[in-house]
Peer 1: 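Before I ask anything, let me first share the structure, which is written out below as structure tokens.
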Number of protein chains: 2
Amino acid sequence: MTYCVGMMLDRGLVLMSDTRTNSGVDNISTFRKMFHWSNPGERIVAVMTAGNLATTQSVVSQLEERNKTPAERHNSLLEAETMFQVATIVGELLRDTIAASASDNGQTGAGAFGASMIVAGQIKGMEPRLFLIYPEGNFIEASFDTPFFQIGETKYGRPILIRGYSRNMDFESAIKLLMVSFDSTVKANLSVGLPLDLLVVERDCFEPLHERRIDGTDPYFQAISTGWGEALKQAFHALPNYVIDSPVRQAAE
Amino acid sequence: MTYCVGMMLDRGLVLMSDTRTNSGVDNISTFRKMFHWSNPGERIVAVMTAGNLATTQSVVSQLEERNKTPAERHNSLLEAETMFQVATIVGELLRDTIAASASDNGQTGAGAFGASMIVAGQIKGMEPRLFLIYPEGNFIEASFDTPFFQIGETKYGRPILIRGYSRNMDFESAIKLLMVSFDSTVKANLSVGLPLDLLVVERDCFEPLHERRIDGTDPYFQAISTGWGEALKQAFHALPNYVIDSPVRQAAE
């Protein structure tokens, strides 16, 4: 499993991903699931991946044309004219990669070789955009009605995102919100694990505003992880108490 | 989908279930998923169900021997000597009911006709017990290492249970905790819905201490639902802020 979130704010985009991959609980590893490329001053494009690791690594390698010698490589994501074209390129590559693995093996694909991706970025003169790419290669785009996408193990960390998000929050608050969401997920699902990768893309700033790898010894993550448990307990105690209205108890008194 | 939680406390047992059933999002209904039987002063047994509605209703009907005339009916759950026997009876009936549906239809069972159940209760002279019954008819028992079981849509409501539970909490706090967990789930998954059924079983009190149906107009549930959003926001704001350390931003300043 995996957990990645891409979030759209008025100020720009914030992306966070975990790094755990597993093939059974007895075989876990750490792999990067967040990638970005930029043409400083002109564009920045980021991709996050969930699903079959061979599929997602193959897609990223093909995007970077690693089958060619370094001098001959062109990254088509840096040449596409719009973010819509970027999403289309990633989607087609993802679909074709899954199909190739499936047909080579006489298997039926999506289950075994499937993957999904989040694509985010901005090209100069246009708005920041955020897409969710399906294994079939088609995609949907976020809007402020649905301003964030999650892939992988989406459920444990979703309630706090729904309640904490607001489009005009600053990057610092958005990062705090994502840390809480990831902490809840990591605590509940062994197949999501630290370290986390973080990328902040400010609107009209065509390079990363902030980029970090957050591991288990990170003091801020630790403060959130322990502080959130305590804060939740206080929030819980502050809620009104239920009153048990019981004939049995009244009879006993 | 469904959401049911059975929780073991030092003081006894608290059970909560939703009532929504669906066959596609365009066909939803309300059905009870919590059932209990008691021999006041001697035992109380409760069952919660998730999964195929025809399967779970059939199991409950067979437990009550509704194929016989009222005078001839015996509820074997009220005659079993131990809670372990009660769990065994429910498990065998569940497995056989699933198998019968599957073989009658030439289908392969568990997927289409599957169900799981939570069984809880106490018989005089013994401890309160809590079991999770699998579609295969086998089961596991809760202990204070794993003091609650969830069935159905378990993920959205799990982080708050993990963080809020303590074995010595009173029933009122446990009910508040379950309300928060159910509210988070209902907000995230359309296939879990109000009204909720609530049952409180006090240790060594062999009848329900408290039993309620909670619908959407319930003022306490509404207070929790709105209050929790606000409490979460305050808890979130009380956490320390992240500090973005960015060469790009510093260069711009």
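So you know, we letter chains A, B, ... as the sequences are listed, proteins then strands, and number each from 1. Just so we're clear, the structure is a prediction, and the values are computed from it rather than from any experiment.
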Peer 1: Please flag which part of A:E153 lies under 4.5 Å from any non-hydrogen atom of chain B: side chain, backbone, both or neither.
Peer 2: side chain
Peer 1: Quick check: are there more than 12 heavy atoms from other residues, nucleotides or ligands sitting under 6.0 Å from CD1 of B:I140?
Peer 2: yes
Peer 1: Taking side chain as everything from C-beta outward and backbone as N, CA, C, O, which of these in B:D170 sits under 4.5 Å from a heavy atom of chain A? Side chain, backbone, both or neither.
Peer 2: neither
Peer 1: Hey, does A:N241 have a side-chain heavy atom less than 4.5 Å from the side chain of B:I175?
Peer 2: no
Peer 1: What's the spacing between A:R212 CZ and B:I244 CD1 if we round to 0.5 Å?
Peer 2: 10.5 Å
Peer 1: Suppose we call two aromatic rings close when their centres sit under 6.0 Å apart. Are A:Y220 and B:Y242 close by that rule?
Peer 2: yes
Peer 1: Rounded to the nearest 0.5 Å, what separation is found between the OG atom of A:S173 and the NE2 atom of B:H237?
Peer 2: 7.0 Å
Peer 1: With a 4.5 Å limit on heavy-atom distance, are the side chains of A:F236 and B:R163 in contact?
Peer 2: no
Peer 1: Where on A:K176 is there a heavy atom nearer than 4.5 Å to chain B: the side chain, the backbone, both, or neither?
Peer 2: both
Peer 1: Taking atom NZ of A:K233 and atom OG of B:S166, what is their separation to the nearest 0.5 Å?
Peer 2: 8.0 Å
Peer 1: Where on A:L177 is there a heavy atom nearer than 4.5 Å to chain B: the side chain, the backbone, both, or neither?
Peer 2: both
Peer 1: Heavy-atom pairs under 4.5 Å with chain B - which of A:G229, A:G157, A:A223, A:G164 has more of them than the others?
Peer 2: A:G229
